[in-house]
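The structure appears below as structure tokens.
Predicted model, so just to flag it, every value in this text is computed and none were measured. Numbers restart at 1 for each chain; the letters A, B, ... are given by sequence-line order, proteins then strands.
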Amino acid sequence: MERYEPAKIERKWQEIWAREGAFTVPNPEPGSVGDDRKTYVLEMLPYPSGELHMGHVRNYMLGEVVSHFRRRRGEAVLRPMGFDSFGLPAENAAIKEGGHPRDVAERNIAAIRTQIERMGWAIDWSRVLATHEPEYYRWTQWLFLRFFERGLAYRREAAVKWCPNDQTVLANEQVIDGRCERCGAEVEAKSLEQWFFRITDYADALLDEMALLESWPERVLTMQRNWIGRSEGAEVVFEVEGSGETIPVFTTRPDTLFGATFFVLAPEHPLVSELVRGTEAERDVLAYVRRSAARSAVEREEKDKDGVSTGRHVVNPATGEPIPIWVADYVLMEYGTGAVMGVPAHDERDFSFAERYGLAVRTVVAPAGEKAPPEGAFVEHSADERLVNSGRFSELPAPEGKRAIVEWLEAEGRGQATIGYRLRDWLLSRQRYWGCPIPIIHCDRCGVVPVPDDQLPVLLPEIEEYLPKGRSPLASAEDWVRVSCPSCGGEARRETDTMDTFVDSSWYFIRYTDPANDGAPFDREIADYWLPVNQYIGGVEHAILHLLYARFFTKVMNDIGLVGFREPFARLFTQGMLHRHGAKMSKSKGNVIVPDEYIERYGADAVRLYLLFIGPVEQDAEWQDAGFEGIVRFLHRLWRVVLEAAEAGDEGTADGPLARKAHETIARVTDDIGRRFALNTPIAAVMELVNEIGRRPGDPAMRFAAETAVSLIQPYAAHIAEELWERLEHSRLWEEPWPEADEALLERDSFVLVVQVNGKVRGRVEVPAGLPEDELVARAKELPRVRARLDGVEIRKAIVVPGKLVNLVVQG
RNA sequence: GCCGAAGUGGCGGAACUGGUAGACGCGCUGGACUCAAAAUCCAGUGGGGCUUGGCCCCGUGCGGGUUCGAUUCCCGCCUUCGGCACCA
């Protein structure tokens, strides 16, 4: 018998698919939109920083199986591919290896594309894009200008996070525990002019419109909710004694206003220097501010709370008492107003601060029905609490107290209900070379002027010296920077910052629908046909950054009228990571395995199958060569068994046990892929079927069972399935409809009845289907091991589960 | 500290709605084929016990509970992993 030689057949079918455009899907004809038999399957686009490893391959297998399955179920399936090729990884790689980032990126893209093609994935290559190509980033710039027109992109001086290693600013989202998420360097604070997207305007939409999502992992939604950090509270205005100046604070506990015994400003608060100017405290306060500035975020958080008194006071609007103003770095300038009222009795942080500096502690909320807690102590939050020591608000339950105090503040003009967010505006400018230029011109007369649409794209200039030096490398391209102002024609300068790569990847999923459009980023009708993405697939590491930004972009595009949908991804699936030797695959750990040599020796199909067989896709998994061998064996067995069946000739679709097994397998695999999203168990089901065929040589249903096995395994092992299908005298399995199980054949005429006594299995007996309950009980009682236990005792109850089991409950 | 997910043989995992725990694969043991080996094929394989052609007991992280019946539901704990964390 001919041997299974994957290298030969895989090349053959890959060529056929490419030649026939097997996985190229056309856009709908204009006007014919409305057909809902479409599926948009999308995996997060890869960053071409090196080559593809097994972890990536596993991720793409998920979309692979789903798109084959749904196409064969009659849907138009869009599954594109592209490359997120701008950004630090390509630039850093270029710096290390020497050379231009473009060359590095394009070399990596070519290498990855070759790897992908060798995997034989069903991808529509006619829509491929790379975010560094001018044909793409022209429209990234165009979208930026639309944001700019609406005030959603703006420039301001801000205290920003600076990575001293990457020599660029970072978005808040890119700072983890005070460190750069890319390189791990401790982040520094700097004050710089930067570009921002006003994502905070969309904070509520980003929260509320989660309701429009069909199926997202709960934990991803929770992470986004935490990140946005909406909290309801009030802004309370405090007046500085002596100057009449006012300082607002944000609080979620306006009910504790009477307990505010001190007031704290963040060291960065703009009023600090003014408040202490010329006072005795000035030197100490300014020294404290300097010391805080030198402390890293991590240090600030780990030390005990400290601070310094300003000697000045504000008036507590509730009590009319003057309370001291302190400066302390446990108050963060980035959150709320950079100032807080200190309520030590009801806030742990304020309490430890008050303890250290001997500040007054006043209880103003106490559990109902109990006698007042001791003065000067911290009082835990409790379910049923009421206000005390709060003037006319005393005795009110806390929620009402909150409302009443806010109402009173509003009437007095001393505050109002507000909502605080943890979310900050998205800092999008980067002082690096390899990114999308910001299409803005600075003119001394006209100020900040957008580049007119018809002058897009603003091409990234070719420069030799692109190394990060703390200011934008683009600034050194003097000919490029110098430009005439589009508004007044005078001398002007180009913006030299580039965009964060997350901007590039915030709209690519729409460009795929209309990738060659050179008059607009995409056609709205086509975009509205394909989107939202029916199944988005990616790593949970993008739970906040990319997914939040893409949602934000989509909402803005919808508000502008560019698209008809509010959410880009209806269903999201986050897959687990692939480990090896107990650790996540990474170059630094040296445990990376690439598919290439495995493809060469065992074929792409073995790699494809194994990566899904290894375990549930949503869980982490461990690559084991021993397990891989089992799959290689299975493919050889499949090959042999099917070729034997092909020789057996067509004896028609008989019924009988093997035919029934085949239909059962169809039902299982269809349900697992289509409904349960379980991609490992279908492989086991097909293995069972193949084992069964091997055990029954000469069975009249052999050929049918073999065809079924081949057809069901096709989304996983596309090459061998196609080859075997051809040898079974058919053609083009990828276009063949997905098989359907014959319900009638699934009905069994007998089954194995499980018999329990007091819930423990004591026997099994084959019985005909459809027996009445009392007959089932009678059969159960006849079993010897059951009879032995019924001797001399009374059956109190008999539970019958039709088609499954009988449980006899006896005394005792 | 708060939130979330997970814990099943020697290993990866299966058991979907409370109804046969361990499908499928790896490994291991025995057998067939072979001069021999590899490959392949067949059979067995959770643990313990016994009067061993069979039967009994135990068994899904630990302790309770609900139920005729719990890997599955409820309460309490332990461990591991992930996220958030001075957010006023």
Side-chain angles (χ1 to χ4, degrees), chain A residues 176-177 217-227 229-231 233 249-253 256 260 264 266 297 300-303 305 328-332 334-343 346-350 352-353 420-423 540-541 543-544 576-577 609-610 613-616 618-631 633-634 636-637 640 668 671-672 675-676 678 680-691 694-695 752-764 784-785 788 796-810:
Chain A
I176 291 157
D177 291 331
E218 197 48 50
R219 64 178 174 145
V220 173
L221 296 178
T222 305
M223 282 161 75
Q224 292 208 353
R225 264 186 225 110
N226 289 345
W227 188 261
R230 181 190 150 104
S231 52
V249 301
F250 175 72
T251 178
T252 54
R253 298 287 311 273
T256 63
V264 193
R300 273 190 177 202
E301 196 171 327
E302 280 168 359
K303 69 173 175 57
K305 292 184 183 15
D329 63 8
Y330 81 90
V331 174
L332 310 173
E334 310 91 84
Y335 186 77
T337 62
V340 302
M341 60 184 204
V343 185
H346 304 290
D347 182 287
E348 279 185 81
R349 295 153 301 172
D350 295 342
S352 68
F353 190 75
Y421 297 93
R422 205 189 87 110
L423 183 69
V540 75
E541 66 273 17
I544 296 170
M577 260 184 308
L609 269 173
Y610 176 60
F613 186 65
I614 197 167
E618 67 275 16
Q619 282 172 30
D620 290 352
E622 169 89 13
W623 175 280
Q624 288 175 325
D625 280 337
F628 180 75
E629 282 169 31
I631 286 293
R633 259 180 245 173
F634 165 69
H636 280 96
R637 190 159 62 244
R640 183 172 52 80
R668 270 174 73 185
D671 190 52
D672 282 358
R675 183 182 62 85
R676 296 178 58 207
N680 51 335
T681 45
I683 303 172
V686 174
M687 284 175 169
E688 279 185 55
L689 178 59
V690 172
N691 290 346
R695 249 181 248 127
V752 176
L753 179 73
V754 173
V755 181
Q756 298 181 331
V757 178
N758 287 345
K760 285 190 193 224
V761 179
R762 296 299 174 190
R764 297 179 174 85
R785 287 171 59 205
R796 299 210 326 229
K797 210 196 291 191
I799 283 133
V800 180
V801 182
K804 280 209 170 117
L805 71 85
V806 166
N807 185 15
L808 302 172
V809 184
V810 302

Atom-to-atom span, [atom1] of [X] to [atom2] of [N] - whole angstrom:
X: A:L753; N: B:G19; atom1: CG; atom2: P; value: 16 Å
X: A:N226; N: B:G1; atom1: CG; atom2: P; value: 18 Å
X: A:D347; N: B:G1; atom1: CG; atom2: C1'; value: 15 Å
X: A:Y335; N: B:C84; atom1: OH; atom2: C1'; value: 14 Å
X: A:D672; N: B:C16; atom1: CG; atom2: P; value: 11 Å
X: A:Q619; N: B:G13; atom1: CD; atom2: C1'; value: 9 Å
X: A:R785; N: B:U20; atom1: CZ; atom2: P; value: 16 Å

Distance (rounded to the nearest 0.5 Å) between [X] [atom1] and [Y] [atom2]:
X: A:L423; Y: A:N226; atom1: CG; atom2: CG; result: 12.5 Å
X: A:F613; Y: A:N680; atom1: CZ; atom2: CG; result: 8.0 Å
X: A:Y610; Y: A:E629; atom1: OH; atom2: CD; result: 10.0 Å
X: A:E218; Y: A:R225; atom1: CD; atom2: CZ; result: 5.5 Å

(message) Strictly below 4.0 Å: does A:S231 bring a side-chain N or O up to OP1 or OP2 of B:A88?
(response) yes
(message) Measuring to OP1 and OP2 of B:G4, would you say a side-chain N or O of A:R225 lies under 4.0 angstrom away?
(response) no
(message) Suppose we call a contact any N or O donor and acceptor under 3.5 Å apart; does that hold for the side chain of A:R796 and the base of B:C68?
(response)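 Absent.
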(message) So for A:N807 and B:C68, does any side-chain atom that can act as donor or acceptor lie under 3.5 Å from a complementary atom in the base?
(response) yes
Between [N] and [M], how many Å separate the two [atom1] atoms, rounded to a whole number?
N: B:U66; M: B:G12; atom1: P; result: 34 Å
N: B:G54; M: B:U71; atom1: C1'; result: 29 Å
N: B:U51; M: B:C24; atom1: C1'; result: 38 Å
N: B:G64; M: B:C81; atom1: C1'; result: 27 Å
N: B:A6; M: B:G13; atom1: P; result: 14 Å

Examine distances only and state if a side-chain atom of [X] and a backbone atom of [Y] form a donor-acceptor pair shorter than 3.5 Å.
X: A:N807; Y: A:G759; result: yes
X: A:D620; Y: A:M577; result: yes
X: A:Q224; Y: A:A543; result: yes

(request) Using a strict cut-off of less than 4.0 Å between a Lys/Arg side-chain nitrogen and an Asp/Glu carboxylate oxygen, indicate whether A:K305 and A:E348 qualify as a salt bridge. (result) no
(request) Taking only Lys NZ, Arg NE, NH1 and NH2, and the carboxylate oxygens of Asp or Glu, determine whether A:R253 and A:D347 approach each other closer than 4.0 Å. (result) no
(request) Identify whether any heavy atom of A:V540 sits under 4.0 Å from a base atom; if not, whether one sits that close to sugar-phosphate; answer base, sugar-phosphate or nothing. (result) nothing
(request) Starting at the 5' end of RNA chain B, write a dot or bracket for each base, bracketing those in Watson-Crick or G-U wobble pairs whose two distances are under 3.5 Å and using | for partners on another strand. (result) (((((((..(((......[....)))((((((.......))))))(((((...)))))..(((((..]....))))))))))))....
(request) Tell me which of A:G336 and A:V752 sits closer to the 5' end of RNA chain B, going by the nucleotide each one is nearest to. (result) A:V752
(message) Within a 6.0 Å radius of atom NZ on A:K303, are there more than 12 heavy atoms belonging to other residues, nucleotides or ligands?
(response) yes
(message) Of the listed nucleotides (B:C84, B:G12, B:U40), which one gets closest to any side-chain atom of A:I614?
(response)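 For the A:I614 side chain, the nearest candidate turns out to be B:G12.
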(request) Classify every nucleotide of nucleotides 23-30 of chain B by which part a protein heavy atom approaches to under 4.0 Å, writing B for the base, S for the sugar-phosphate alone and - for neither, in 5'-to-3' order. (result) BBSSS---
